[in-house]
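Hydrogens, waters and symmetry mates play no part in the numbers below; they use all other heavy atoms, side chains included. Just so you know, ligand 1 is whichever comes first in the structure, and atom 1 is the first atom listed for that ligand. Keep in mind that this is a model prediction, so the values were computed, not measured.
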Amino acid sequence: MPGIAENLLAVRASIDAAERKASRHPGSVSLLAVSKKCLPEAVREAFAFGQREFGENYVQEGLEKIAALADLPINWHFIGPIQSNKTRSIASAFAWVHAIDRLKIAERLAEQRDPALPPLNVCLQVNVSGEESKSGVTPDELPPLALAVAALPNLSLRGLMCIPEPTEDEILLRGRFRLLGALLADLRRLLPHAPLDTLSMGMSGDMSLAVAEGATIVRVGTAIFGARPRKVDQSL
Ligand SMILES: *Cc1c(COP(=O)(O)O)cnc(C)c1O
């Protein structure tokens, strides 16, 4: 079985290939290694191989890992859904938050982020699939949320994030990613002074499609760390 180093090499190679194929600037896509359900040792191994950006989904698990790895200069991204009673620890321990879809959460993060720290980088999650149960705002709800979040202190509104519905249909997926790119372009016109440079989209199964449609951060877990245990403990 290939190890983490080999997997990282392979993932970086497919990102490079997708960048070239789409005539994108080499290095324009950043790899976020999603380490949820992985032990700190696995993160150390990836770090030793040059990986610096890591993503966590569950607050408690993430905080424990961050503490266990405090000796490493890692940029931690919180990519999971956020409950309002967890914002304080997210605001202090993470550099990025990807999945904001409510103003209340952004307001709490802004209030709780230590002004002595660099601003917390945030992305707004958009429901690009139109599924009722999915998290994320609708495209209609996005402009007012973005305007409000951009006005908050201690946050830097960097862009948009999506998780399309699971499907094998590549045309459909590309359409979802393309929609997120179009929404970001609209936001840039609405907020010409915000540093809106981020499209957080694409995971192990669809990162090349996402890069073809303009992803600047791909969030990749399985392809780096291997399959996670199937049963996820939601309390984490
Ligand atoms: C788990 C997760 C990922 C990584 O998924 P893989 O298929 O393992 O690459 C990316 N983004 C989010 C929001 C996730 O929860």
Q | salt bridge (Lys or Arg N to Asp or Glu O under 4.0 Å) partner of E56, the single match among K65, K86, K36, K37 | A | K65
Q: Flag the pair M203 / V218 as yes when at least one side-chain heavy-atom distance between them is below 4.5 Å, and no otherwise.
A: no
Q) Are R188 and D197 within salt-bridge range, i.e. N to O under 4.0 Å? A) no
**Q.** Any side-chain heavy-atom pair of I90 and Q112 under 4.5 Å
**A.** no
Q: Assign the ring pair F78 / F94 to parallel, tilted or perpendicular, where the plane angle (0 to 90°) is split at 30° and 60°.
A: perpendicular
Q | Between CD1 on residue I74 and CD on residue E53, distance to nearest 0.5 Å | A | 9.5 Å
Q: Would you please write out the protein residues whose heavy atoms approach any atom of ligand 1 to under 4.0 angstrom, listed by chain and number?
A: V34, K36, N57, I79, M161, I163, M203, S204, R219, V220, G221, T222, R228
